[in-house]
Amino acid sequence: MAEITIREAITQGLAEAIETDESVFIMGEDIGEYGGAYSITKGFLEKYGAQRIKDTPISEAAFVGAGIGAAAAGLRPVVELMSMSFSLVAFDQIVNMAANLRYMSGGQIKVPMVIRAPTGAGVQLGATHSQSFETWLAEVPGIYCACPSNPHDALGLLRSSIKSDNPVIFAEHSHLYGSRGDVPDDYYEIPLGEGKVARSGEDLTMVSYGYGVHILEQAAEQMAQDGVDAEIIDLRSLSPVDYDTIVASVQKTGRAVMLDTARRTGGIMSEVVSEVQERAMDYLDGPVMRVGSKDVPWPYNRNLEQDILAQSDDVIKAARKIISF
């Protein structure tokens, strides 16, 4: 067992894949000589060569499209975007091509590719670099979407993503690259679509993913001082969503708060709330509460950005509406 950062876990997963599978290669802007915008692929070009580590022009539509073609031809590309915000430039390729080729070909064409990108707000990157479009892409059939909250899950989910025969959006919250955690020395994988109980509790179910899980942990610690025993569910995947784990928790606690660090309107948690209402209505002692960031463009100013970003106090405020403490 070693304590490493999420950045190191992702680097380890990519290196493993390149060294054990000759069909894997990495492509993206500045991933070679520069080592990646977040230093994930630092030293990879020197170690693995230009055939496996490919710097691309600044055209997401072009290199995502090239990745789809390479995947359809039998390779397993890992495509890195500098920001999830830039996925917009390649939405036609991702949504119309990557997601649909396997279905439209009757299973004859597979698209085994991973699209990695830092995502989310909170680190002063401004309005055009702080979007969380993984919540949009999770709605597209034919695409998996993984969002790790810790190094252990980042490595396990990345291993499964690279081995998947379907395209995977791998969203890495930019706030978490330096987050540390224990990772086993023995090999393991985490199946896509399998959530987990990150903290057991009896009084309240709280659900999120990625950076949101850390906010829930802060809220749970504060509520514990008031005698509230909160359970935390880490989705880990936004598509598919592990509804069975969520519903089982809600059936136990009778109350639920859903947190999305993306904007409140249109987030994945709207879907989770609807599903829980349908599948666990008879177990609920109050409405399912939804917390999200404010529906405005992301400011660059740190104080304004923190005011807009969902915080633990917002979670506690929502919890107080359905449980007295």
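Bear in mind that the values here come from a model prediction, so they are computed numbers and not experimental data.
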Ignoring hydrogens and angles, tell me if any N or O in the side chain of Asp234 forms a donor-acceptor pair with the backbone of Arg236 under 3.5 Å.
yes
Donor-acceptor list for residues 309-321 side chains, cut-off 3.5 Å, not counting sequence neighbours:
from   : atom 1 : to     : atom 2 : distance (Å)
Gln311 : NE2    : Gln306 : O      : 2.9
Gln311 : NE2    : Gln306 : OE1    : 3.0
Ser312 : OG     : Gln222 : NE2    : 3.1
Asp314 : OD2    : Gln311 : N      : 2.9
Arg320 : NH1    : Phe325 : O      : 2.5

Using only atom types and a distance under 3.5 Å, with no angle test, would you say the side chain of Ser39 pairs donor to acceptor with the backbone of Lys42?
no
Hydrogens and angles aside, do Asp295 and Thr265 bring a side-chain donor and acceptor to less than 3.5 Å of each other? yes
| Would Thr128 and Ser85 count as having a side-chain donor-acceptor pair, cut-off 3.5 Å? | no
Sorted by chain and number, sequence neighbours left out, side-chain contact (heavy atoms from CB on, under 4.5 Å) with Thr245 holds for Val197, Ile233, Asp242
Q. Taking C-beta and beyond as the side chain, do Thr11 and Thr41 meet within less than 4.5 Å on heavy atoms?
A. no
Interatomic distance, CD1@Ile268 vs OG1@Thr135, rounded to 0.5 Å, equals 7.5 Å
Indicate every side-chain donor-acceptor pair of residues 22-37 with a distance under 3.5 Å to a residue at least two apart or in another chain.
from  : atom 1 : to    : atom 2 : distance (Å)
Ser23 : OG     : Asp21 : OD1    : 2.6
Ser23 : OG     : Asp21 : OD2    : 3.3

Side chains of Trp136 and Leu88, heavy atoms from C-beta outward: is any pair under 4.5 Å? yes
> Within the distance-only criterion (no hydrogens, no angle test), does the side chain of Arg255 pair as donor or acceptor with the backbone N or O of Leu204 below 3.5 angstrom?
Replying inline: no
| request: Would you indicate whether the side-chain heavy atoms of Val79 and Val114 approach each other to under 4.5 Å? | output: no
Electrostatic pair Lys294-Glu305, nearest N-O below 4.0 angstrom: no
Exercise. List the steps, then state whether salt bridge (charged side-chain N to carboxylate O under 4.0 Å, His left out) holds for Glu231 with Lys252.
Key: CA-CA 10 Å; Glu231 181 156 291; Lys252 178 177 67 172; 2.5 Å; yes
Q) Under 6.0 Å from the six-membered ring centre of Tyr188 and within 45° of its axis: does the NZ or CZ of Arg159 meet both? A) yes
Exercise. Would a distance-only check, ignoring hydrogens and angles, find a side-chain to backbone donor-acceptor pair under 3.5 Å from Ser249 to Ile246?
Worked result: no
Practice prompt. May I ask you to check whether Gln131 and Arg263 show a side-chain donor-acceptor distance below 3.5 Å?
Written response: yes
Pair Lys163 + Glu189, salt bridge at N-O below 4.0 Å: yes
Practice problem: Report the C-alpha separation of Glu172 and Arg116 in whole Å, then their side-chain angles, then the decisive distance to 0.1 Å, and conclude whether the salt bridge (charged side-chain N to carboxylate O under 4.0 Å, His left out) test is met. | Solution: CA-CA 7 Å; Glu172 305 156 8; Arg116 293 182 41 249; 2.6 Å; yes
Practice item. For the pair Gln124 (side chain) and Tyr300 (backbone), establish whether a donor and an acceptor sit closer than 3.5 Å, ignoring hydrogens and angles. Key: yes
Give the C-alpha distance, both sets of side-chain angles, the deciding distance and a yes or no for salt bridge (charged side-chain N to carboxylate O under 4.0 Å, His left out) between Asp229 and Arg199.
CA-CA 10 Å; Asp229 186 19; Arg199 174 187 175 123; 5.1 Å; no
Is the shortest heavy-atom distance from the side chain of Asp165 to the side chain of Arg76 under 4.5 Å? yes
- Message: Is there a side-chain contact between Leu137 and Cys145 in this structure, where contact means two heavy atoms from C-beta onward sitting under 4.5 Å apart?
- Response: no
